[in-house]
Amino acid sequence: MHTASTLPQTTSAVATTSAPVHKHSVWGTAVRFTLIVTVLFGLGYPLAITLAAHVLFQHQAEGSLILKNGQVVGSELLAQSFTSDKYFHPRPSAAGNGYDATSSGGSNLAQSNTKLIQRIQGDIDKLSKESGGKPVPIDLVTTSGSGLDPDITPDAAYFQAARVAKARGVNAEQIRTLIGQHITGRQFGLLGEPRVNVLLLNLDLDRISGK
Amino acid sequence: MSANGWLQFFVYSIVLLLTVKPVGLYLARVLEGKRTWLDPVLGPVERLIYKLSGVNAEHEMHWRQYAYAVLGFSAVSMVITYAIERLQAALPVWNPQKLSAVGPDLAWNTAASFTTNTNWQSYTPETTMSYLTQMAALATHNFFSGAVGIVVAVALVRGIQRTSSKTIGNFWVDTTRALLYVLLPACVIYALLLVTQGVPQNLAKYTAAHTLEQSSQAQANQTQTIAQGPVASQEAIKMLGTNGGGFFNANSAHPYENPTPFTNFLQMLSIFIIPAGLTYALGRMTGSQGHGWAVFAAMFVLFAAGFTTLYWAESQPHPLLHGASQTTVASGETGNYEGKEVRFGISQSSLFAEITTAASCGAVNSVHDSYTPLGGMVVLTNILLGEVIFGGVGSGLYGMLIFVVLAVFIAGLMVGRTPEYLGKKIDAYDVKMSMLYVLIFPLIILTLTAVFVLSPTIGLPALTNNGPHGLSEILYAFTSATGNNGSAFAGLSANTWWYNVALGWAMLAGRFLMLIPVLALAGNMAQKKSVPPSPGTFPVNGWLFTVLLVGVVLILGALTFFPALSLGPILEHLLLHAGQTF
Amino acid sequence: MIEKKNLWNSKIAAAALLDSVKKLDPRKMIKNPVMFVVEVGSVLTTLLLIDNTVHHRAGFGFNLQITLWLWFTVVFANFAEAMAEGRGKAQADTLRKARGETIAQRYAASGELEEVASSALRAGNVIYIPAGQYIAGDGEVIEGVASVDESAITGESAPVIREAGGDRSAVTGGTKVLSDWIKVKITSNPGETFLDRMIALVEGASRQKTPNEIALSILLSGLTIVFLLAVVTLQPFAIYSKAPQTVFVLVSLLVCLIPTTIGGLLSAIGIAGMDRLVQYNVLAMSGRAVEAAGDVNTLLLDKTGTITLGNRQAVEFMPAPSISAERMADAAQLASLSDETPEGRSIVVLAKTQYNLRGRDLGSIHAEFVPFTAQTRMSGVNIPGTRIRKGSVDAITRFLEEQGSSLPQKVRESVEEIARAGGTPLVVAENATALGVIYLKDIVKGGLKERLARLRAMGIRTIMITGDNPLTAAVIAREAGVDDFLAEAKPKDKMDLIKREQGRGKLVAMTGDGTNDAPALAQADVGVAMNSGTQAAKEAGNMVDLDSNPTKLIEIVEIGKQLLMTRGALTTFSIANDVAKYFAIIPAMFAGVFPVLNALNIMYLRSPQSAILSAVIFNAIIIIALIPLALKGVKYEPKPADVLLRRNLLIYGVGGMVVPFIGIKAIDMALAFLHLA
């Protein structure tokens, strides 16, 4: 550590006389300091949090996984692919080849991108036709930011109710009731938007009407 | 737009406002070396760090020494990061997926990115970085670079506050205190809060899930592999240090990083909380609380204006789509949902995007590349204005103070005196350093963007989108890098040798070439005498100054980048509404 | 006061026009980076124009107009500077006439007088000047007393007295001895005289950039680089967008964006500031001093001559018990008839106005005047059988006690009463009888209180310096409205006060004339020496007031402030202008390829060519339009900083954004009318 007397007063002083002593000192301190804080913040902190999280909130710490018959079927926080008419469909996914939870992400297509407009318009037209010309909820034809959005809007759920009911041969009203039970409102009545978790809804769907 | 969307904005603003004073007071206490209630626990740790690293805590530094220390610390930690990335395959622990070593250009880019508080990510974390790399090489930088930003800002504030002083503080002490007393305790609580909401925190192998539909249809071996990791601990400092480097590729859009609207609210709050608190600390330390609030007000005005425009733009229906419910739905608001998550909706996505780009955070909870042209222009402009709308931790304040110096200089002459800033006369050296700061920013952004848009071999192939939006993508990349933001118009496939290297240099220049003039300014201010205030003194508090400051930020930023913006987002908007797509 | 010249004096303007072309020399232009960039742009477009003409490319008319207006921009800026210099030069010419070669009578080594040309005089020479001759150089009177006509430099026709010793010993070359004779020791070599320096100053020849001007130049250069970047990189973006631009258009955009308005007027503002001071008959030795004047926080004002009229005046006779006022007034007048001091005269006048007592012929009553001496500290008159004296309480008490009498209690009370009121008591005695007390009062100059209030509004603290006791000082201070006072001040106290104020970061201004003021004048940030003062004082100060009027410090401060305000106002205006120019040029540049961008053409300019040309023309003529403002300075009012800021931000900031929208639209319409674009 240098004292005030070696403090460089002018640029030239830095460049010539006091430079070697000075720089050695800064580098030495920098290396020691960095190593210490790296261990403290790079290992000590995350490992301590990991330990505490497992003791206090194990389910969340492990990824909010859902077990069925002893097998992990997914995470309640992550979307997974559903294509059958018997299930509610999540939003389209741009993660990897779709719903890839090791390659999250959105389409990154610009609003002015012809590909995006054609894709969305194609999906709208298809869904619109299936549903008899009803306006298609926009979330159902747009990819999410993560590609793993577990939710759809209540509108998007109700939009699919008739198809699911028909495929399963159950009363559409029963399906609509189930959707109603699965709507998560705004958090604390204020934050975010009302939504329906597709995986949880589909799990319940299997429970009430078999497979 | 919906009433509830606006209500969320107001609630956010009020909560932020309520934190300013307590956070500012605490920051000022910590950085003025006063005792805090954490002293009994952390005091011994603090002294141990000084002892082991050979720091004399009583020693005060000249601005050049301070700058050397900043550079020394950053260089050493950058080298360590680079080394861990390159060696991750060989290191024995916390690499359950057996990920291979990171390539040299990507490792360089990432090391530069995290050292500079940018957290630009040219890589997909789930398939590139081991848990050890994420924890010890990346998350550490989130702490370090955040602390460096804070201490440089404080050094500048000290420069303004001190009179006839050769020194501006001790870098090692400032950094240690910022790390220990501010970032660490906040992150411990914050990380655990995130876990309760569903953010994972484990070191396990990736989970193989047998998905419902496939298992029911007995299509064997069809599984969803779910990436895991110590997410919460990294997420906390990622936001609080305005770093923004996601644990996963989708960043805060990923349900594991940001599972609920409440975590989203916390994340947004934690981006602004330190930058906003620092404005109060500025007022406190310089003895002019009114000035602190005036700076806060200027930042807030720009923030509110940005959000309003962005929220409006994102609520607009796409002009070329038909047959979808784009304007009203029964249960909530709608608009441009491409790249946005349902749980956040348009309002929390817009608010997050506004905050993350206003601050140099760069975390994203939606895809900026898919924003409407005008929405995209807002987020791009936030960065182009120099990351001073609250800005990065510390860097936002020192960036804004540069604009304050320029505003005081230009308008200060109009009251008939050599401009004074809080009693310090602004001389040629101060203007030179401030202009240097202001100049470096567009120099790097515009030059590199120009080079890459002209190059059909290295620049243009990376584009996902063409037409004016392609220009925006490249402009956004260099803006984000130089502004140390880290968010992206992510359609740009920037993980190429040329982009990695160029963006790496842009990030380093945008951080350190700009930080040195700031410290020089601090040093020059510190050695000046202070003139006591009188009715003739230029007022740096009150609404008039706020208006002036907002005007200077907007005019300097807008004038520099208006031509580029007019050929990017503005043109894209006009063409899209005229029916032309690319 | 030198007569104010008409701003657009045609002779000056014609000369300035020629100068502005001469100033196109790049070696001169490079000193002004902003305008240098414009010149380079102009050269570039000129060369391209020639090339285009040779190759018969399209767009000649438009390109020619652009090129011409770019050159006009440079010339207009040079014209502004030349105008400012021209006004100074006109003044310098008058001065030069005064300096004209004269013959001096110099004492040779032998002691004989010899005739030499004034240019042969060197410092240390001694010359003799009889009545009717010009003084050949600056110097110090070492012998003799003379009345001197200094109108050549001060413009004041009344002659002044110059005498050896004391504070009125300095003479200036070029002034004329009217009566008597003086011997003068020359203090400066030819070319370095006061007159020479004055000529150099008003011509702007020795002008150096002031600290604040340097800082502003850095800002402007920085902005120029930023815009250079913005424009240079615009071409690659335009190429990407498949809408590349011509060099003419790009240079036009660049010139419109860089701060040419302030860049072109900056040096004119500085020269004009000095010139304004000269018009107030104040010579600043450097621009730095003028700037410092605007920054002054504390003003030290000498009581005598600055705050008060300089002389005490008798305002009341307070007779002793059993003495009639008439008797006392009569005695007081008698004692003062031969007293030529202002106080003495004021007593005579008071007696005359209050008691209708006329002056008498002292000779006829065999009166003998007894002058004031340092020993007796009183004066008076001896008439056979009667001794009348007036003087300080102590002196008269002694006078009475010598005659076995004493001062009555009632008189003593009157004395104290006067002292408490801040006046000076003068006791009158006739033989052994105390007749009463004359109340001498300091008279504060008319209108001073209001002027000091103006200073307070500007945030400037005034401190009165006086040799009086604190009691008296406090009364005058209150009456004049100064903020503070330094009583019983010795020269060293003044110095200490200045250092103390400066130690607190304040800038101090003061006036002075005596040799003992010199150190304080040198220490003060703004030291204004009186022209009538000693050479030492004039050397020590950084300004000289030719009228020797100490209250002019207030005007000096205002001029300094006005100078800074003008710079700030035009800088703000210049930058604010850019907003409108963008809206004119950017849509025009790209509307050809992207007609949708016409949405940004919010001024509805007729065609892309017309839009660009209009912006360039506006940019050029705004420089001309603002020359009067640059030379006269912005309107100055003594108001607190926040009021000034609000007003000027509104006028020059908001106004600066609005005006070009109107101007460019008007030019666009005019061009259409003239079928120029």
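Worth knowing before you read on, the calculation uses all heavy atoms, side chains too, and leaves out hydrogens, waters and symmetry mates. Each chain gets a letter, A, B and so on, in the order its sequence line appears, and its residues count up from 1.
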Check: Backbone N or O of Ser144(A) within a donor-acceptor pair of the Asp149(A) side chain at under 3.5 Å?
Finding: no

Under 4.5 Å, counting heavy-atom pairs only, tell me which of [options] racks up the most with chain B.
| options | answer |
| --- | --- |
| Phe82(A), Phe57(A), Tyr45(A) | Tyr45(A) |
| Gly63(A), Ser112(A), Pro135(A) | Ser112(A) |
| His59(A), His54(A), Arg91(A), Glu62(A) | Arg91(A) |

Practice item. Identify whether the distance between the nearest side-chain nitrogen and carboxylate oxygen of Glu193(A) and Lys340(B) falls below 4.0 Å. Key: no

Under a 4.5 Å heavy-atom cut-off, does chain A meet the side chain of [X], its backbone, both or neither?
| X | result |
| --- | --- |
| Ala137(B) | neither |
| Leu576(B) | side chain |
| Phe344(B) | backbone |
| His322(B) | both |
| Ala490(B) | both |

Ordered numerically, the heavy-atom neighbours of chain B under 4.5 Å found in residues 121-132 of chain A are Gln121(A), Ile124(A)

Bottom line for Ile36(A): the part with an atom under 4.5 Å from chain B's heavy atoms is side chain

For Asp204(A), the salt bridge (Lys or Arg N to Asp or Glu O under 4.0 Å) test, sequence neighbours excluded, returns Arg207(A)

